[in-house]
Amino acid sequence: MPGGKVTDLPLSFGWQGWIFVLGVVLMNIYGDKTFRLLEKAMDAGNLRQRVIANNIANINTPGFKKSLVKFESILKEELSGGRIPLATGDERHFGVNSLVNVNPLVVKETATSMRADGNNVDIDDEMTKLAANTINYYTVTQELNNRFRILGTVINGR
C-alpha cells in the first residue's frame, strides 16, 4: 500500500509491518526531491574527483588538455528553466521539475595552454578545485546522513 499513512498501522505489528514501513520510507526517499538532489550532487562530486585526479595524473603528458565537470550551472538552469510551477500530486505531471535531466557533464578545455608542449594543467588550480570538491562532498554527505538520522528517529519513535 504505497503512499499509505504509517499512522494507520497498529502500534504492534510483525515483520510484515516493518517491511511495509521500510517500503514507505524507500518510496519517500525515491520520490523526495531533496534526496534525489543530494544523490545527484554526490554523483557530480564523485565524477569531479575522478576528473581532477585524471588532470593531475596527466600533468606531465605533452598535449594533454584538462577537463572539468559542469553540474551547478546545469542544475541552476534546470531549476530556473522558465517553467510555470504547477500544483500537482505526481512528478510525472507536466510542468514539474523532476531533476531527471540534471546530470554532471565532463567538458574538455581545449582553448588554453600552460606550457609550450600544449598541456594546460595548472597544479595549483587543480589542488584548489580538489580541496573545494572535498569540502562540498563532505557537506552533501553530512546533509544526507542528517536526513537518514531523521528518518531513523521517525521509524524508531525516539
Side-chain angles (χ1 to χ4, degrees), residues 2-3 19 21-156 158:
I19 289 177
V21 170
L22 181 63
V24 170
V25 168
L26 289 176
M27 291 288 291
N28 285 337
I29 289 172
Y30 182 72
D32 187 271
K33 287 186 178 181
T34 304
F35 275 106
R36 296 179 88 184
L37 179 60
L38 291 171
E39 175 190 3
K40 297 274 185 177
M42 289 185 77
D43 289 345
N46 186 17
L47 179 62
R48 186 170 284 135
Q49 188 82 8
R50 287 186 283 144
V51 166
I52 292 170
N54 186 50
N55 290 342
I56 292 171
N58 286 293
I59 193 164
N60 292 324
T61 304
F64 179 81
K65 299 296 183 186
K66 68 180 179 182
S67 299
L68 56 98
V69 174
K70 291 179 69 176
F71 175 70
E72 289 79 9
S73 61
I74 294 171
L75 177 64
K76 184 177 180 180
E77 183 178 315
E78 184 69 23
L79 292 178
S80 63
R83 297 182 192 168
I84 299 172
L86 301 174
T88 62
D90 193 319
E91 70 178 3
R92 292 175 291 184
H93 294 164
F94 290 107
V96 176
N97 192 335
S98 65
L99 302 175
V100 171
N101 296 328
V102 178
N103 292 311
L105 180 67
V106 177
V107 178
K108 188 170 284 256
E109 189 174 314
T110 58
T112 60
S113 184
M114 290 292 295
R115 298 189 313 238
D117 65 0
N119 189 312
N120 65 353
V121 177
D122 179 4
I123 190 66
D124 294 333
D125 185 46
E126 296 300 321
M127 295 307 287
T128 303
K129 288 177 183 175
L130 186 66
N133 188 54
T134 301
I135 292 170
N136 285 340
Y137 193 83
Y138 282 133
T139 303
V140 170
T141 303
Q142 187 173 14
E143 180 59 30
L144 196 58
N145 284 336
N146 287 339
R147 291 194 175 263
F148 279 122
R149 189 176 54 239
I150 290 169
L151 280 175
T153 301
V154 169
I155 291 172
N156 291 327
R158 320 180 221 158

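All residue numbers in this chain count up from 1 along the given sequence.
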Fill in: Partners meeting salt bridge (charged side-chain N to carboxylate O under 4.0 Å, His left out) with Glu72 (sequence neighbours left out)
Arg48

Worksheet entry | Counterpart residues, salt bridge (charged side-chain N to carboxylate O under 4.0 Å, His left out), relative to Lys129 (two or more places apart) | Asp125

Restricting to side chain to side chain donor-acceptor pair (under 3.5 Å), what partner residues turn up for [X], sequence neighbours left out?
X      : answer
Asn103 : Lys40
Glu39  : none
Arg50  : none
Asn60  : none

Rounded to the nearest 0.5 Å, how far does [atom2] of [Y] lie from [atom1] of [X]?
X      : Y      : atom1 : atom2 : value
Thr128 : Asn133 : OG1   : CG    : 12.5 Å
Asn54  : Lys66  : CG    : NZ    : 13.0 Å
Thr153 : Arg149 : OG1   : CZ    : 7.5 Å
Leu130 : Ile52  : CG    : CD1   : 5.5 Å
Lys65  : Asn120 : NZ    : CG    : 5.0 Å

Fill in: Atom NZ of Lys108: over 12 foreign heavy atoms under 6.0 Å
yes

Considering residues at least two apart in sequence or located in another chain, which fulfil the side chain to side chain contact (heavy atoms under 4.5 Å, CB included) criterion with [X]?
X      : answer
Thr141 : Met42, Tyr137, Asn145
Leu38  : Thr34, Val140, Glu143, Leu144, Arg147
Asn119 : Phe64, Arg115, Asp117, Val121
Val106 : Leu47, Val51, Ser67, Val69

Practice prompt. Identify the two heavy atoms, one from Ala44 and one from Phe71, that lie closest to each other, and give their separation to 0.1 Å.
Written response: CB-CG, 3.5 Å

